[in-house]
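Residues take their numbers from the sequence shown, with the count starting at 1.
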Amino acid sequence: MGRVSQAQAQENRRRVVETASRLFREQGTHVSVADLMKASGLTHGGFYKQFASKEALVDEATAHAFAALARHHEAGLDRYPGRRDAAQRALIDAYLSTEHRDGAADGCPAAALAGDMARDDADGEARRVYTRGVGEFADRLATDDQDGITRLCTMVGALVLSRATKGSPLSEKILTTAREALTATD
């Protein structure tokens, strides 16, 4: 089999990063390189032509997931021009939904990767990328009335607990209670 073109190599890399981003959010960063490459439709041997290490892929996939989250938030704001409160409400409703709870692969990296990042090297690039992403997400959630960090902690905590109790009535109650607390008007 011959060498792939530079364009094909870039496409392969993009596919691996997107696949890793989804699998890491769904299953954790312990997913094997062999499984990642298989899910990407590529051979295991091609991995090290694209990435220096699995850690380098974790860094890039984490950044990719937070960039997707930012794009999603911006798209939500675009749907409600001049109505930031309505956009924030829609974001909270979507975030604290059963669809988001059940769809970790396409969901929030702050919630999905928290456990992995807590165990990661404190000086590692993935932890830096994650920390920056969490901070930026908190900044986007801030309103005149509510601190972004408080909102983020409530949302992420509720999502994680709802996922951990999925299948029980408590799971839905956690989502509903957090949603009501964050959208209550004075």
Side-chain angles (χ1 to χ4, degrees), residues 20-31 58-59 61-186:
S21 178
R22 295 186 84 246
L23 285 176
F24 291 161
R25 283 180 279 167
E26 183 179 53
Q27 299 175 25
T29 59
H30 64 276
V31 174
V58 171
D59 301 345
T62 301
H64 177 83
F66 275 106
L69 178 68
R71 285 190 304 274
H72 179 73
H73 187 253
E74 289 302 316
L77 291 173
D78 290 347
R79 282 192 292 275
Y80 298 91
R83 298 177 31 222
R84 184 169 172 81
D85 289 346
Q88 291 281 9
R89 172 66 189 246
L91 171 71
I92 291 166
D93 287 345
Y95 193 98
L96 296 171
S97 68
T98 55
E99 293 79 17
H100 188 215
R101 178 199 63 201
D102 298 346
D106 294 313
C108 176
L113 299 174
D116 289 317
M117 293 302 146
R119 290 182 291 275
D120 195 35
D121 177 16
D123 295 327
E125 182 63 18
R127 176 81 73 92
R128 281 192 286 279
V129 169
Y130 180 85
T131 300
R132 184 176 54 249
V134 167
E136 290 170 357
F137 189 26
D139 290 345
R140 287 191 302 275
L141 291 172
T143 66
D144 293 338
D145 300 328
Q146 292 182 327
D147 173 78
I149 292 176
T150 302
R151 294 179 99 193
L152 178 64
C153 290
T154 302
M155 291 166 61
V156 169
L159 183 62
V160 169
L161 291 172
S162 179
R163 285 177 176 165
T165 59
K166 184 178 168 183
S168 75
L170 180 59
S171 180
E172 187 68 36
K173 185 173 175 91
I174 289 168
L175 293 175
T176 301
T177 302
R179 198 170 39 247
E180 289 171 356
L182 289 170
T183 59
T185 56
D186 297 351

Side chain of D116, backbone of T29: donor and acceptor closer than 3.5 Å?
-> yes
Give every residue pair that meets the ring pair (Phe, Tyr, Trp, His ring centres under 6.0 Å) criterion with at least one member in residues 119-159, sequence neighbours excluded.
-> F66-Y130
Hey, could you give me the CG/CD distance between D120 and E125, rounded to the nearest 0.5 Å?
-> 10.5 Å
Which pairs pass salt bridge (charged side-chain N to carboxylate O under 4.0 Å, His left out) with one or both residues in residues 76-94, sequence neighbours excluded?
-> R89-D93
Greater than 12 external heavy atoms within 6.0 Å of L69's CG = yes
In short, A158 meets L96 closest at the heavy-atom pair CB-CD2, 3.8 Å
Under the side chain to side chain contact (heavy atoms under 4.5 Å, CB included) rule, what do L159 and Y95 come out as? Steps first, then yes or no, please.
-> CA-CA 8 Å; L159 183 62; Y95 193 98; 3.7 Å; yes
Taking atom CZ of R119 and atom CE of M117, what is their separation to the nearest 0.5 Å?
-> 10.0 Å
When you look at V134 and V156, which way does the side chain to side chain contact (heavy atoms under 4.5 Å, CB included) test go after all the steps?
-> CA-CA 10 Å; V134 167; V156 169; over 6 Å; no
Value rounded to 0.5 Å, distance of CG in L141 from CG in L91 | 6.0 Å
Looking only at atom types and distance, does a side-chain atom of R25 sit under 3.5 Å from a main-chain N or O of A112, one as donor and one as acceptor?
-> no
Name all pairs fulfilling the salt bridge (charged side-chain N to carboxylate O under 4.0 Å, His left out) condition that reach into residues 159-179, sequence neighbours left out, sorted by first residue then second.
-> D102-K166
So do I92 and R151 actually touch side chain to side chain, heavy atoms under 4.5 Å?
-> yes
So, does S97 use its side chain to make a donor-acceptor pair with the main chain of A94 at under 3.5 Å?
-> yes
State whether the side chain of Q88 and the backbone N or O of R140 hold a donor-acceptor pair below 3.5 Å, judged by distance alone.
-> yes
Measure across A126 and V58 and return the closest heavy-atom pair with its distance rounded to 0.1 Å.
-> CB-CG1, 3.8 Å
Test item: T165 side-chain N/O and L161 main-chain N/O as donor-acceptor pair under 3.5 Å = yes
Main-chain N/O of A20 paired with H64 side-chain donor or acceptor, under 3.5 Å | no
Under 3.5 Å donor-acceptor, R128 side chain and D123 backbone | yes
Measure the OG1-CD distance between T183 and Q146 for me, rounded to the nearest 0.5 Å.
-> 8.5 Å
Spacing of OG1 belonging to T154 relative to CD1 belonging to I149, to within rounding of 0.5 Å = 11.5 Å
Nearest heavy-atom neighbours spanning A86 and Y80 | CB-CD2, 3.6 Å
From CZ (R127) to CG (D59), nearest 0.5 Å = 12.5 Å
Check L175 against S162 and note the closest heavy-atom contact, atom names and distance.
-> CG-OG, 3.3 Å
